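Worksheet: the structure to be examined is printed underneath.
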Amino acid sequence: MAHASTRAKVTASEAESEVEDSDFKPLTAQQAQEWRDRQPPLSVWRIVVMQALVGVVVALLAWWLTGRLQVAWSAGYGALSVVLPAALFARGMARKRTSAGAAMAGLMGWELVKIALTVAMLAAAPRLVPGLSWLALLAGMVITMKPYWIALLARPGVRRTD
């Protein structure tokens with residue numbers, strides 16, 4: 001056991017020395033602003049709209065594949081339980097914050113609101129969706145969440161600062 005902890009300490013100190021020896025140079029405030037200005041903007045509302053469109057397609061596809069309206073409503077409600085909280089989150093985060101601390105507090109607060117609304121919508125699903133199919137609801141949720149990843153992956157790569 002002592003040998004493993006010694007090895008862990010050696011590995012940690014090696015990692016620290018690698019960080020110290022690297023050619024990392026922090027950016028000045030002006031360089032950081034120039035870097036931000038060169039990055040392509042990514043609209044949160046665009047992602048929310050993409051999610052809504054994906055949700056509609058999922059619901060229609062569920063109806064087409066099964067021929068059952070209840071499955072389509074379930075998939076659509078699953079999509080709605082992603083889109084509605086995301087739209088509320090986007091609206092809340094659109095406000096300008098005066099400091100980094102306020103921005104972080106806003107992010108955490110609106111993320112909690114988003115999670116609470118999603119959980120409340122899922123809890124209400126059996127009462128709101130007649131003939132609820134949990135599998136279709138889950139499929140609607142999961143597929144509707146994917147535009148986040150598509151938007152991030154399709155975004156041009158980070159540009160170097162030279």
Side-chain angles (χ1 to χ4, degrees), residues 19 22 24 26-162:
V19 170
S22 73
F24 174 77
L27 298 176
T28 65
Q30 181 181 359
Q31 290 171 324
Q33 185 60 45
E34 290 170 0
W35 179 83
R36 281 192 290 278
D37 291 342
R38 289 191 313 260
Q39 300 308 311
L42 181 63
S43 171
V44 174
W45 290 108
R46 194 166 153 191
I47 294 173
V48 172
V49 168
M50 282 176 51
Q51 285 182 318
L53 292 173
V54 167
V56 169
V57 169
V58 167
L60 291 173
L61 196 60
W63 187 22
W64 181 70
L65 288 174
T66 64
R68 295 179 46 214
L69 196 55
Q70 300 93 332
V71 174
W73 281 114
S74 298
Y77 188 82
L80 186 64
S81 65
V82 170
V83 173
L84 189 62
L88 184 63
F89 177 82
R91 175 72 174 105
M93 289 304 298
R95 296 177 54 207
K96 295 287 182 191
R97 302 295 195 279
T98 56
S99 69
M104 183 58 89
L107 175 72
M108 298 301 289
W110 283 108
E111 185 64 29
L112 287 173
V113 168
K114 185 172 101 172
I115 292 169
L117 180 56
T118 301
V119 169
M121 289 181 72
L122 292 175
R127 289 184 299 275
L128 297 176
V129 181
L132 178 67
S133 166
W134 282 104
L135 184 59
L137 182 138
L138 183 61
M141 283 184 70
V142 169
I143 295 169
T144 302
M145 282 186 228
K146 295 303 177 190
Y148 275 123
W149 294 105
I150 294 168
L152 290 174
L153 292 174
R155 187 173 173 203
V158 176
R159 298 179 189 143
R160 290 183 52 105
T161 57
D162 291 327

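Since the structure is predicted, the reported quantities are computational estimates derived from the model, not experimental observations. In what follows, residues are counted from 1 in the order of the sequence shown. The figures that follow rest on heavy atoms only: side chains count, while hydrogens, waters and symmetry mates do not.
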Side-chain heavy atoms of L137 within contact of W73, under 4.5 Å: no
Of all heavy-atom pairs between P126 and A123, which one has the smallest distance, and what is that distance? CD-O, 3.4 Å
Looking at NZ of K114 and CG of L107, how far apart are the two atoms once the value is rounded to the nearest 0.5 Å? 9.0 Å
Is there a side-chain contact between Q51 and V82 (heavy atoms, below 4.5 Å)? yes
dist I47:CD1 -> M145:CE (nearest 0.5 Å) comes out at 14.5 Å
Distance, nearest 0.5 Å, that separates CG of L138 from OG of S74: 11.5 Å
In short, G92 meets W110 closest at the heavy-atom pair CA-CE2, 3.3 Å
Closest non-hydrogen atom pair between P85 and T118, with its separation: CG-OG1, 3.3 Å
In short, T144 meets G140 closest at the heavy-atom pair OG1-O, 2.5 Å
Can a donor-acceptor pair be found, under 3.5 Å and without considering hydrogens, that links the side chain of Y77 to the backbone of M121? yes
To the closest 0.5 Å, what do you measure between OG1 (T66) and CG (L61)? 9.5 Å
Heavy atoms of A72 and A62 approach each other most closely as CA-CB, 4.2 Å
Among V54, V56, L60, the one residue meeting side chain to side chain contact (heavy atoms under 4.5 Å, CB included) with V58: V54
Indicate the atoms forming the closest heavy-atom contact of P26 with Q31, along with that distance. O-OE1, 4.3 Å
CE/M141 to CG/L80 distance, rounded to the nearest 0.5 angstrom? 10.5 Å
Quick one: CD on E111 to CE on M93, what's the gap to the nearest 0.5 Å? 9.5 Å
